[in-house]
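Throughout, a chain's letter reflects where its sequence line sits, starting with A, and its residues are numbered from 1. What's counted below: heavy atoms across the whole structure, side chains too, no hydrogens, waters or symmetry copies.
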Amino acid sequence: MNESNNKTHLNFIEEIIEEDIRSNKHGGRIHTRFPPEPNGYLHIGHAKSICLNFGLAEKYNGKANLRFDDTNPVTEEVEYIESIKEDIRWLGFDWEDREFFASDYFPQFYQFAIQLIKAGKAFVDHSTQEEISKMRGIPTAPGTESPFRNRSISENLALFEEMKNGKLKEGECVLRAKINMSSPNMHLRDPIIYRILFTPHHRTGTEWCIYPMYDFAHGQSDSIEGITHSVCTLEFENHRPLYEWFIQELEIFPSRQIEFARLNVEYMMMSKRKLLLLVNEKIVSGWDDPRMPTISGMRRRGYPPEALRKFATEVGVAKRENLIEYVRLENAVREQLNNVAIRAMAVLRPLKVIISNYPEGVEWLPVENNPEDPNAGIREIPFGKEIYIEQEDFMEIPPPKYFRLSPGGMARLKAAYIIRCDEVVKNEDGSILHLLCSYFPESKSGSDKSGLKVKTTIHWIECQHALKAEIRLYEKLFEVKEPAGSDEDFRTLLHPNSLEVIEGAWIEPSLANAEIHQSYQFMRTGYFCLDKDSTKDHLIFNRTATLKETWLKT
RNA sequence: UGACCCAUGGUGUAACGGUAGCACUACAGAUUUUGGUUCUGUUUGUUAAGGUUCGAAUCCUUAUGGGUCAACCA
């Protein structure tokens, strides 16, 4: 009816952009950027930012740059640059030839600094770090001006050059913008814009020993690249006046900074610093551990990029603090995987079933690869006298509403026959050795003439052709909904069983040809993908997500 | 005892002074050779108090609650 109306739901950033296009600001040109610091791996929060920035460019026929914000050589590494690029590409975005580095602009930043000094808007401060901190004051009371604040322009110029030439020691002095020490905005109280650092830079080596601070690099990079809309997270809101002050004083291209609320997801910790700790302390196997909220972790876990993109757009963009329900991420994953994942059978915790009245030998039965997608075709799976079923698909004393197998009860074996449990054979200790069942030849799948009615269909694996596999079951890494908001040491918030390894699972023979990262739905148990630790002789599958288990909930 | 920002069902997000809608969740039912999928239905909301207005989620004021800021990090 009015589908055109539904289309017009814009988020506040899109509204700003459309207004700018209407007023022909920058000639209607739209240019965004994704500006990671290469000091860690990207996580789901970055994925949202990537989708936002590249998505905006796509939607408004603009461009999006990839720019590494590499102005702090002590924390940044090349390894991170490579992982970041891989993750963005995997997510499905392309920065074409627009791969930039803030470090490429160091000469320009240096000139900007000189320009500021010449305008009497910056000075070299020899105060110690402590003194500067003390003089900055507190948010509720003004700071005091540095005794070095009124050095002459020529002295500042000479000093800054000495800084640059390595004549001064690390920490001996800094370059500060001269703004207002009694501003209620702390960022305007003569912010430091350059410091001395003798750490070699991963790209510029030892060429520079002075490095610009974030506020004197980020906005300037935006200007240099002609970024029209510089989208960042809320914690930079208080930086905006400084961002604009530099644009005005330097008389450079006026990029506009727009802040949105960062993504928070239940049970996830997004702090790069803490994620690094998890890696360094070997609490997880690495940045790409499938329990990590990193893009690489999710990739290894089996989350498809389509799902991450869908999730990122579905959660929306606003300025309000948010905590997204974990199930929304899982659902986006399930929704995508349901469409594309090939179905297969796997028995995680086996219980042997002997079909007494079935002859020796094996029969190959056709089964559809994906009931959601007829084009996925069919395959044949072996069926025989001895099979494994899931332990939880049999109960000696079934509770009410239990649909599966129980003594004297019947169930259908997927794509095969209906069986009835005739006898429970036990070990001396009372545990179950195996089940003796009988099958109904008339009930063969696809040509059932038995007239029998069963309440459910279970999965199974024929013993002789079964392949052994290791299955890794993942749970949430953290037990609490808001690990980041807790005062406790985050190590105490970890889920004790976030990884359960099942060594003795049986899987159907077709899975021998699985490829790394390829997703399957193990029928009735969940979505899985082959892990990179896998070998031909030792197959390892990661559980991406369970199926929805509405029955289990009570 | 400062500045800036935010406040709509359980969660997230729309409504731009004129019928509070959508998605997810939850619950109920139907279908189903996956207790999956799919389909149908139901419950639940404008932080508070004033003001402006014929009319306020929307504009104004105040309060309350939450977030950010005192790195030579980004």
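For the pair Glu368(A) and Arg343(A), the salt-bridge criterion is not met [side-chain N within less than 4.0 Å of a carboxylate O].
Distances shown here put a side-chain N or O of Arg320(A) below 4.0 Å from the OP1 or OP2 atom of rU13(B). The phosphate of rG35(B) (OP1 or OP2) has a side-chain N or O of Thr456(A) nearer than 4.0 angstrom.
In this structure, Glu368(A) atom CD and rU32(B) atom C1' are separated by 12 Å, rounded to whole Å. The NE2 atom of His239(A) sits 13 Å away from the P atom of rC73(B) (whole-angstrom rounding).
For rG45(B), there is no paired nucleotide, since no Watson-Crick or G-U wobble pair has both relevant distances below 3.5 Å. Under the Watson-Crick or G-U wobble criterion, with both distances below 3.5 Å, rC22(B) is paired with rG12(B).
For Arg328(A), counting side-chain heavy atoms from C-beta on, the closest listed nucleotide (rA74(B), rC24(B), rU37(B)) is rC24(B). The Asn331(A) side chain lies nearest to rC24(B) when the options are rU37(B), rA74(B), rC24(B). Side-chain proximity of Gln129(A) to the nucleotides rC72(B), rA14(B), rG35(B) is greatest for rC72(B). The Arg136(A) side chain lies nearest to rA70(B) when the options are rG67(B), rA70(B), rU25(B). Here rA74(B) is the nucleotide among rC72(B), rA74(B), rC6(B) with the atom lying nearest to any side-chain atom of Phe236(A). For Glu237(A), the side-chain atoms get nearest to rC4(B) when compared with the rest of rC4(B), rC72(B), rU25(B). Residue Ser445(A) places its side chain closer to rU33(B) than to any other of rG36(B), rA74(B), rU33(B).
Contact annotation for His218(A): no contact, since no heavy-atom pair falls under 4.0 Å across all strands. Using a 4.0 Å heavy-atom cutoff across all strands shown, Lys401(A) reaches at least one base atom of the nucleic acid. Pro371(A) comes within 4.0 angstrom of a base, heavy atoms only. Within the nucleic acid shown, Arg343(A) comes within 4.0 Å of at least one base atom, counting heavy atoms only. Here Ser127(A) lies in heavy-atom contact (under 4.0 Å) with a base. Within 4.0 Å of Glu372(A), counting heavy atoms only, lies at least one base atom of the nucleic acid. Here Gly143(A) lies out of heavy-atom contact (under 4.0 Å) with every strand. Residue-level contact check: Glu266(A) touches neither bases nor backbone, having no heavy atom under 4.0 Å from any strand. Among the atoms of the strands shown, base atoms are found under 4.0 Å from some heavy atom of Asn238(A). The residue Tyr402(A) sits close to a base: some heavy atom pair falls under 4.0 Å. Across all strands shown, Ile458(A) has no heavy atoms under 4.0 Å from either base or sugar-phosphate atoms. Across all strands, Val74(A) comes closer than 4.0 Å to no nucleic acid atom at all (heavy-atom distances). At a threshold of 4.0 angstrom between heavy atoms, the contacts of Ala415(A) include nucleobase atoms, whether or not backbone atoms are also involved.
Note on ring orientation: taking the six-membered ring where Trp is involved, the planes of Tyr417(A) and Phe383(A) are tilted (angle from 30° to 60°).
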Derivation of the salt bridge (charged side-chain N to carboxylate O under 4.0 Å, His left out) call for Asp222(A) and Arg67(A) | CA-CA 9 Å; Asp222(A) 285 341; Arg67(A) 180 174 71 234; 2.7 Å; yes
Does the pair Glu79(A) and Tyr41(A) meet the rule for a side-chain hydrogen bond (donor to acceptor under 3.5 Å, both in side chains), with working shown?
-> CA-CA 9 Å; Glu79(A) 176 198 350; Tyr41(A) 279 59; 2.7 Å; yes
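The ring-ring contact (aromatic ring centres under 6.0 Å, His included) test with Phe541(A) is passed by exactly one of Phe522(A), Tyr527(A), Phe528(A): Phe522(A).
Annotation: side chain of Cys209(A) is not in contact with side chain of Leu197(A) (no heavy-atom distance under 4.5 Å).
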